[in-house]
Amino acid sequence: MNRSILFALVALLALGCVLGAYILTLPRDTKAGGPGNNPEKTCSPSANEPVKPVQEPKTPEQIVEAEYLGAENAADRVELIRKAAAMPGAKSSMPLLRKALVADADENVQLEALAKSVELAEKESLGTLIEVIRGALSAPKDKVQQQALREARKHPSPLLVPDLIEIADSKAAHRFLAVDALAFTEDPRAKAKVLEVASKTDGDKTERVRAVALLAKTKDPNANGLLHELSGSGDDELRKVALEALDALNAPPK
């Protein structure tokens, strides 16, 4: 065998070793007949692969919420709110109550959600209660906002003053409920707003008379001048209310 043939055989042998080593290093799924050569097989699920079931509500709260979301009748939703609020461990922050308070289409359902939220919050903390009332003050339904104003009067807090002043300055028919709530709040801003309404000569007279009467409640020393002025007014109604407020302010403490 001559030298050139020998060199050719050696070269072929070396090339074969290199190709063999390369093939052995390839991933299994890229080799001929492997799964990698069948893209349709990798993209579509196996016929034997189980379909994942839709997750069902697990906790009692989730079950009631699911029932509420599926209830078309407002009376049924009210009952479900009561049921949720009566469950052990119920909180005013539970999603069902919050959804019903701000998003339910029926005013009575929203009122029930507010009542139960307040009831639960009273057992939790004053801060939680104030947050519930504050959230309800911005409710779009008039009756819900009116009830929130009554709750603000029963649970006065400086934290509610900005919201109450905003409503008092609005054109809402129930704006005086905000003035009434402010009169029960020990806050300089609240007292000043009541005095402002009592001082208006171009506003609603009925509201002004009621605000003058509330000055006896605020015990605002800045109101003395106005009360003395009105006690000599030619308007019998204003004069009478101003004198009653002065008598209340000057009465000895019990």
Within-4.5 Å side-chain heavy-atom neighbours: K240 and D236: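 Result no, sub-4.5 Å side-chain heavy-atom pair not found.
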Quick check: are there more than 12 heavy atoms from other residues, nucleotides or ligands sitting under 6.0 Å from [atom1] of [X]?
{"X": "E186", "atom1": "CD", "result": "no"}
{"X": "R239", "atom1": "CZ", "result": "yes"}
{"X": "E124", "atom1": "CD", "result": "yes"}
{"X": "K205", "atom1": "NZ", "result": "yes"}

Measure the [atom1]-[atom2] distance between [X] and [Y] for me, rounded to the nearest 0.5 Å.
{"X": "S199", "Y": "L230", "atom1": "OG", "atom2": "CG", "result": "8.0 Å"}
{"X": "S138", "Y": "E166", "atom1": "OG", "atom2": "CD", "result": "9.0 Å"}
{"X": "S157", "Y": "L126", "atom1": "OG", "atom2": "CG", "result": "6.5 Å"}

Derivation and outcome, salt bridge (Lys or Arg N to Asp or Glu O under 4.0 Å), residues E207 and K200: CA-CA 9 Å; E207 289 186 359; K200 284 184 178 179; over 6 Å; no
Could you see if [X] belongs to whatever hydrophobic cluster contains [Y]? Use Ile, Leu, Val, Met, Phe, Trp, Tyr and a side-chain cutoff under 4.5 Å.
{"X": "L101", "Y": "L137", "value": "yes"}
{"X": "L215", "Y": "V161", "value": "yes"}
{"X": "I133", "Y": "L120", "value": "no"}
{"X": "L97", "Y": "V102", "value": "no"}
{"X": "L96", "Y": "L114", "value": "no"}

Criterion side-chain contact (heavy atoms from CB on, under 4.5 Å) against L182, the qualifying member of I165, V197, I167: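 Result: among I165, V197, I167, I165 is the only option passing the side-chain contact (heavy atoms from CB on, under 4.5 Å) with L182.
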Side chain [X], main chain [Y], donor-acceptor under 3.5 Å:
{"X": "T185", "Y": "D187", "result": "no"}
{"X": "R98", "Y": "P95", "result": "no"}
{"X": "N250", "Y": "L246", "result": "yes"}
{"X": "K191", "Y": "T218", "result": "yes"}
{"X": "Q145", "Y": "D142", "result": "no"}

Could you please spell out the steps behind the side-chain contact (heavy atoms from CB on, under 4.5 Å) verdict for K217 and V194? CA-CA 10 Å; K217 177 63 182 176; V194 177; over 6 Å; no
Which atom pair, heavy atoms only, marks the closest approach of F176 to A211?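 Heavy atoms of F176 and A211 come nearest at CZ-N, 3.6 Å.
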Atom pairs and distances, donor-acceptor, side-chain atoms in residues 77-89, under 3.5 Å, two or more places apart:
residue : atom : partner : partner atom : Å
R77     : NE   : D104    : OD2          : 2.8
R77     : NH1  : A71     : O            : 3.3
R77     : NH1  : E72     : O            : 3.1
R77     : NH2  : D104    : OD1          : 3.0
E79     : OE2  : R82     : NH1          : 2.8
R82     : NE   : E112    : OE2          : 3.2

Take L164 and L149, measure what side-chain contact (heavy atoms from CB on, under 4.5 Å) needs, and give me the verdict at the end. CA-CA 8 Å; L164 294 174; L149 288 167; 3.5 Å; yes
